[in-house]
Chemist: 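Supplied in structure tokens, the structure appears directly below.
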Number of protein chains: 2
Amino acid sequence: MSGVFTTPVALVRLSYLVNAIYADVCATHGLSVPQAQLMCVLKDSPRGMGEISAMLRLDKSSVTGLVERVERRDYLRRSMSATDRRAITVSLTPAGKALTDTFYEEISQRLTDLATSMPTDDRDHLNRIATHLVLTEDVPAVFGPVAS
Amino acid sequence: MSGVFTTPVALVRLSYLVNAIYADVCATHGLSVPQAQLMCVLKDSPRGMGEISAMLRLDKSSVTGLVERVERRDYLRRSMSATDRRAITVSLTPAGKALTDTFYEEISQRLTDLATSMPTDDRDHLNRIATHLVLTEDVPAVFGPVAS
DNA sequence: ACATATAGTAGGTATCACAAACCATCGTCC
DNA sequence: GGACGATGGTTTGTGATACCTACTATATGT
């Protein structure tokens with residue numbers, strides 16, 4: 001049957017497409033992809049450096065620099081943990097929170113537009129499938145709510 | 001209904017998952033993600049710098065460096081175009097071709113494994129959906145065959 | 001022949017990501 | 001209560017990525 005890719009090919013290209021849209025929206029807000037991911041991870045609650053490192057699968061030393069560059073733009077701040085004097089709590093500033101919300105909305109809109117180009121039936125399936133994969137494969141909450 | 005994400009969230013996380021697998025396989029072969037993408041793009045036929053630039057959506061000057069680093073490892077070579085003396089043709093060396101084939105197989109395997117964790121019915125749907133999106137959105141052939 | 005477009009490179013800057021070495025604090029175990 | 005290993009983060013150094021601007025050389029259209 002013509003026009004049908006194997007599953008791996010379809011997955012890689014779909015991933016490429018989603019990533020391109022993500023990067024595009026990042027660019028319109030002057031953010032890099034890692035910076036936007038960081039802010040999305042902080043969207044719902046402040047986190048420590050180690051926690052961020054685990055969620056974004058980055059080395060701790062990488063997170064130090066990433067946080068520092070976003071902090072320089074006043075989108076987030078570091079504060080000392082009350083309970084652990086080694087630890088730091090990273091949280092969005094009001095400006096950062098606002099930008100993240102806008103960004104999140106825009107990504108959601110773009111991807112929803114994508115999905116509307118297909119039959120409702122298929123959309124429901126996609127939703128179920130992706131949800132299943134994401135849950136069984138233990139994908140960190142780099143976007144959307146933490147709870148499942 | 002618990003455990004079900006909205007479509008945008010599912011898409012972003014699925015994309016993250018696929019990308020993590022891709023990056024993982026890259027790492028086992030000592031390749032970076034952009035390097036592997038470059039080699040996959042050259043898998044089936046040699047291409048010019050401009051063509052590569054368009055398919056990977058990179059600035060031409062970025063491609064210069066990327067190609068140079070992969071060439072340094074003897075995975076590809078540049079040769080002059082016969083028809084256009086400005087142009088260059090980038091093609092995989094035998095070693096590069098071999099590595100790319102192995103890499104490609106491995107990614108395919110990992111992603112096929114992913115897919116087998118779900119019902120056959122869902123797998124077919126995913127295939128149809130992703131194929132549809134990829135075709136209507138004109139995603140470049142960064143993986144798999146060029147033809148549709 | 002001349003203007004313009006195209007193919008590719010060079011140089012400069014910022015970001016990203018890792019590894020190894022390091023400091024400070026926390027918890028535990030004796 | 002003090003030594004000791006584990007944990008939270010930073011520093012430093014290196015290499016890769018990616019962009020923009022400027023540039024060379026060749027092709028193409030008029």
Side-chain angles (χ1 to χ4, degrees), chain A residues 16 19-20 22-24 26-42 46-73 75-91 140 142, chain B residues 16 19-20 22-24 26-42 46-73 75-91 140 142:
Chain A
Y16 182 89
N19 201 62
Y22 197 98
D24 190 43
C26 284
T28 69
H29 292 287
L31 293 172
S32 69
V33 169
Q35 286 171 0
Q37 282 178 329
L38 169 60
M39 293 175 70
C40 281
V41 151
L42 296 174
R47 299 187 186 281
M49 299 293 279
E51 211 174 345
I52 294 171
S53 170
M55 293 183 71
L56 297 184
R57 299 194 207 266
L58 292 175
D59 191 272
K60 290 189 300 178
S61 59
S62 306
V63 177
T64 299
L66 183 56
V67 164
E68 204 245 322
R69 286 183 292 273
V70 178
E71 187 178 27
R72 212 183 298 147
R73 297 194 184 187
Y75 289 149
L76 60 81
R77 82 177 84 94
R78 301 165 206 236
S79 48
M80 301 193 212
S81 160
T83 61
D84 187 335
R85 251 183 310 177
R86 297 168 299 181
I88 264 184
T89 301
V90 184
S91 50
V142 288
Chain B
Y16 183 90
N19 200 63
Y22 197 98
D24 191 42
C26 284
T28 68
H29 291 287
L31 293 172
S32 69
V33 169
Q35 287 170 359
Q37 282 177 329
L38 168 60
M39 294 176 69
C40 282
V41 150
L42 297 174
R47 299 187 186 282
M49 299 294 279
E51 212 175 344
I52 295 171
S53 169
M55 292 182 72
L56 297 184
R57 298 194 209 268
L58 291 175
D59 191 273
K60 290 189 301 177
S61 60
S62 306
V63 178
T64 298
L66 183 56
V67 164
E68 204 247 322
R69 285 183 294 271
V70 178
E71 188 179 24
R72 210 182 299 147
R73 297 195 184 185
Y75 289 149
L76 60 81
R77 80 177 85 95
R78 300 164 207 237
S79 48
M80 297 194 214
S81 160
T83 62
D84 187 335
R85 253 182 310 179
R86 295 168 299 182
I88 264 183
T89 302
V90 185
S91 50
V142 288

Chemist: Indicate yes or no: does B:Glu71 engage B:Arg78 in a salt bridge with an N to O separation below 4.0 Å.
Modeler: yes

Chemist: What distance separates B:Ile52 CD1 from B:Arg47 CZ, expressed to the nearest 0.5 Å?
Modeler: 8.0 Å

Chemist: Take the protein atom CE of B:Met80 and the nucleotide atom C1' of D:dT24, then report the distance between them rounded to whole Å.
Modeler: 15 Å

Chemist: Provide, to the nearest angstrom, the distance between the CG atom belonging to A:Asp59 and the C1' atom belonging to D:dG13.
Modeler: 14 Å

Chemist: CD of A:Glu68 versus P of D:dT11: gap in Å, rounded?
Modeler: 8 Å

Chemist: Distance check: side-chain N/O of A:Thr64 vs OP1/OP2 of D:dT10, anything under 4.0 Å?
Modeler: yes

Chemist: At under 4.0 Å between heavy atoms, what does B:Gly65 touch on the DNA or RNA strands: base, sugar-phosphate, or nothing?
Modeler: nothing

Chemist: Tell me, with the steps shown, if A:Gln35 and A:Arg69 meet side chain to side chain contact (heavy atoms under 4.5 Å, CB included).
Modeler: CA-CA 8 Å; A:Gln35 286 171 0; A:Arg69 286 183 292 273; 4.2 Å; yes

Chemist: OP1, OP2 of D:dT10 versus side-chain N and O of A:Arg78: anything below 4.0 Å?
Modeler: yes

Chemist: Does B:Arg85 contact D:dT26 through a side-chain donor or acceptor facing the base, at a distance under 3.5 Å?
Modeler: no

Chemist: Quick one: label A:Ser81 by what it contacts on the DNA or RNA (base, sugar-phosphate, nothing), any heavy atom closer than 4.0 Å.
Modeler: nothing

Chemist: Given D:dC19, D:dT17, D:dG9, identify the nucleotide with an atom nearest to the side chain of B:Ser61.
Modeler: D:dC19

Chemist: What integer distance in Å separates B:Arg73:CZ from D:dG15:P?
Modeler: 13 Å

Chemist: Over how many whole Å does the gap from A:Leu31 atom CG to D:dC19 atom C1' extend?
Modeler: 16 Å

Chemist: With DNA chain D as reference, determine whether B:Arg86 or A:Arg47 sits nearer its 5' end, using the nearest nucleotide of each.
Modeler: A:Arg47

Chemist: Nearest-Å distance, CG (A:Leu58) to P (D:dG9)?
Modeler: 14 Å

Chemist: Give the C-alpha distance, both sets of side-chain angles, the deciding distance and a yes or no for side chain to side chain contact (heavy atoms under 4.5 Å, CB included) between B:Leu56 and B:Val63.
Modeler: CA-CA 9 Å; B:Leu56 297 184; B:Val63 178; 5.9 Å; no

Chemist: If you walk 5' to 3' along DNA chain C, what is the first nucleotide with an atom under 4.0 Å of a heavy atom in chain A, and what is the last?
Modeler: C:dT15 to C:dC26

Chemist: Measure from the side-chain heavy atoms of A:Met49 and tell me the nearest of D:dA18, D:dA16, D:dT10.
Modeler: D:dT10

Chemist: Does A:Val33 or B:Lys60 map to a spot on DNA chain C nearer the 5' end, using the closest nucleotide for each?
Modeler: B:Lys60

Chemist: For the pair made of CD in A:Glu51 and C1' in D:dG9, what is the distance, rounded to whole Å?
Modeler: 14 Å

Chemist: Is there a side chain to side chain contact (heavy atoms under 4.5 Å, CB included) between A:Arg77 and A:Val90 once you walk through the steps?
Modeler: CA-CA 6 Å; A:Arg77 82 177 84 94; A:Val90 184; over 6 Å; no

Chemist: Please assess A:Met80 against A:Ile88 for the test side chain to side chain contact (heavy atoms under 4.5 Å, CB included), listing each intermediate value before the final yes or no.
Modeler: CA-CA 5 Å; A:Met80 301 193 212; A:Ile88 264 184; 5.5 Å; no

Chemist: Nearest 0.5 Å, what's the CD-CG distance between B:Gln37 and B:Leu42?
Modeler: 12.0 Å

Chemist: Between A:Gln37 and A:Asp84, who's closer to the 5' end of DNA chain C by nearest nucleotide?
Modeler: A:Gln37

